[in-house]
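The structure under discussion appears below in the form of structure tokens.
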Amino acid sequence: MTTRSGDGLSRRLNGRHIRFIALGSAIGTGLFYGSSDTIAKAGPSVLIAYLIGGAAIFFVLRALGEMAVNDPAPGSFGEYARKHLGPLAGFLTGWTYAFEMVIVCVADVTALAVYMGFWFPDVPRWIWVVLTILVIAAANLVSVRVYGELEFWFTLVKVVAIVAMILGGAAILIFGLGSNSGSVTNLWSHGGWFPNGISGFIASFALVMFAFGGTEILGLTAAESEDPRTAMPKAVNTVPVRVLLFYVATLAIIMMLNPWNTISTSGSPFVQIFAGLGLHSAATVLNIVVVTAALSAINSDIFGAGRMIYGLAQRGQAPAVMARVTRNGIPWMTVLVVAAALSLAVVLNYLLPDSAFLLIASVGTFATVWVWFMILLTHYRARRQLSAGEQASREFPVPFWPVGQVLTMVFMVFIFVVMAFAEDTRLALVVGVVWLAVLCGLFWFHRRATAQSLKTDTVTRVG
């Protein structure tokens, strides 16, 4: 039997689903495909960049977790921003997150199309994009339980594969399997830890942070969780550690097996490494895994965007039709709208097949970091509004308050500065600023139209 919350959504996600949904969204394209670009920019120092980025994400998730445990509302951090920072902040946060999920999903389906080229090099990428969107959208329309189970198994496959890759890579290094001459010294013997200097290290942060994008989906799952007070703390505390372990350990193994400057940016470094070792069957298996990883991330992206738009519709900041749900508690219109928006991926992969991913990832980074900054700012404002006694009684308080929050917000501003000075991300920053300006205009227009409508109704009644 489906359990409904007061907002019409079904509460059928358990703790296992929630942990793997967040993990599945974070461990996907950024690791399996985008990591080759970060390695090219920073070399071995990219490991330090992932450690710093992971620490920042921990504070973001703890801030979000504290709010979600105390108020598991539809729209999550979009609703929290409206409540504590005002209607405009809620509108900007909610729609920018939906924008982020669509953009990240475009990146994921782009990467999946690249992976499929491993087997079908002559098939145009856009065909794979269309097929993927249709299949995943259909899965999201069945029920939230089906979505949760699908995400669990998708994520389990890639987690097992990553662990196997780490163990297999370690065995190759220790026992000298294949024709590879890998060594731990590869981490520093090809230009040192910072082969492209500090500038290369700093430039890598834009894509590093993009890789962690999606973890904030934890907040949206709270409204459909069977027991958010128990599930959320467990998920928040375990996901950052696992993500860091997978990213840092995996990339370290990759750069030990082959020097960082021999890893191509035209495909997944996972597949390249094992194909280069002569283990072609392993490369085929890994390609299946990276395809699964992309499907997992796309699955979460569509869920996240749809649930945020549903929350916006509930508070009058999106068309009312977006708040409609099926008998199973699925906001079906939002799923269809997000799937339609992904037609952008079809166009980009048709017009710009070779440069689509980097452009999309850069725009996605702006949206992601903006949402994280707003989560931190919202939490900071919410905590400041509480008395000392109320702060002490919080069920899942963020650690190192308020120093950790302030430093993490400063770090997010630093990422924007990096994007402004890096040539390949500057355009994405411009797109992001224009997006926020357009949203502000739409918000003002909506407020004015609503006020005018209320004034007309009042005059009519009096007359």
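Keep in mind that the numbers below use all heavy atoms, side chains included, and drop hydrogens, waters and symmetry copies. Because the structure is a prediction, the values reported are computed rather than measured.
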(message) Check this for me: Trp153, atom CH2, are more than 12 non-hydrogen atoms of other residues, nucleotides or ligands nearer than 6.0 Å?
(response) no
(request) Not counting sequence neighbours, which residues clear ring pair (Phe, Tyr, Trp, His ring centres under 6.0 Å) with Phe416? List them please. (result) Phe366
(message) Using 0.5 Å steps for rounding, measure from the OG1 atom of Thr93 to the CD atom of Gln317.
(response) 9.5 Å
(message) Whether the side chain of Arg82 engages the backbone of Pro87 through a donor-acceptor N/O pair (distance < 3.5 Å, no angle test) should be reported.
(response) no
(message) To the closest 0.5 Å, what do you measure between OH (Tyr80) and CD (Glu66)?
(response) 11.0 Å
(request) Would you mind reporting whether Leu85 and Met374 have side-chain heavy atoms less than 4.5 Å apart? (result) yes
(message) With a 3.5 Å distance limit and no angle check, can you tell me whether Arg62 reaches the backbone of Pro397 through a side-chain donor-acceptor pair?
(response) yes
Under 3.5 Å, which donor-acceptor pairs link side chains of residues 403-415 to any protein atom two or more places apart or in another chain?
unit_1 : atom_1 : unit_2 : atom_2 : d
Gln405 : NE2    : His379 : ND1    : 3.0
Thr408 : OG1    : Gly404 : O      : 2.6

(request) Step by step, work out the side-chain contact (heavy atoms from CB on, under 4.5 Å) result for Leu442 and Val438. (result) CA-CA 6 Å; Leu442 289 173; Val438 169; 4.1 Å; yes
(request) Show the numbers, then the answer: is there a side-chain contact (heavy atoms from CB on, under 4.5 Å) between Glu216 and Trp372? (result) CA-CA 8 Å; Glu216 67 280 357; Trp372 290 339; 2.9 Å; yes
(request) Kindly write out the residues that satisfy side chain to side chain donor-acceptor pair (under 3.5 Å) with Thr292, not counting sequence neighbours, or none if the list is empty. (result) none
(message) Tell me whether Arg426 contacts the main-chain N or O of Met419 through its side chain, where contact means a donor paired with an acceptor under 3.5 Å.
(response) no
(message) Quick check: closest heavy atoms across Trp260 and His190, and the distance to 0.1 Å?
(response) NE1-O, 2.9 Å
(message) Once side chain to side chain donor-acceptor pair (under 3.5 Å) is applied, do any residues pair with Thr368, and if so which ones, sequence neighbours excluded?
(response) Glu100
(request) Supply the atom-to-atom distance Tyr50 OH to Leu251 CG, rounded to the nearest 0.5 angstrom. (result) 5.5 Å
(message) Donor-acceptor pair, distance only, cut-off 3.5 Å: does the side chain of Asn196 make one with the backbone of Ala40?
(response) yes
(request) Check ring pair (Phe, Tyr, Trp, His ring centres under 6.0 Å) between Phe120 and all other residues, then give those that pass, not counting sequence neighbours. (result) Trp128
(message) Nearest 0.5 Å, please: how far is OG1 in Thr132 from CD1 in Ile127?
(response) 11.5 Å
(request) Drop me the distance from Ser45's OG to Trp193's CH2, to the nearest 0.5 angstrom. (result) 8.5 Å
(request) Hey, could you give me each pair passing salt bridge (Lys or Arg N to Asp or Glu O under 4.0 Å) that has a residue in residues 400-412? Not counting sequence neighbours. (result) none
(request) May I ask you to decide if the ring planes of Trp435 and Phe99 are parallel, tilted or perpendicular, using 30° and 60° as cut-offs? (result) parallel
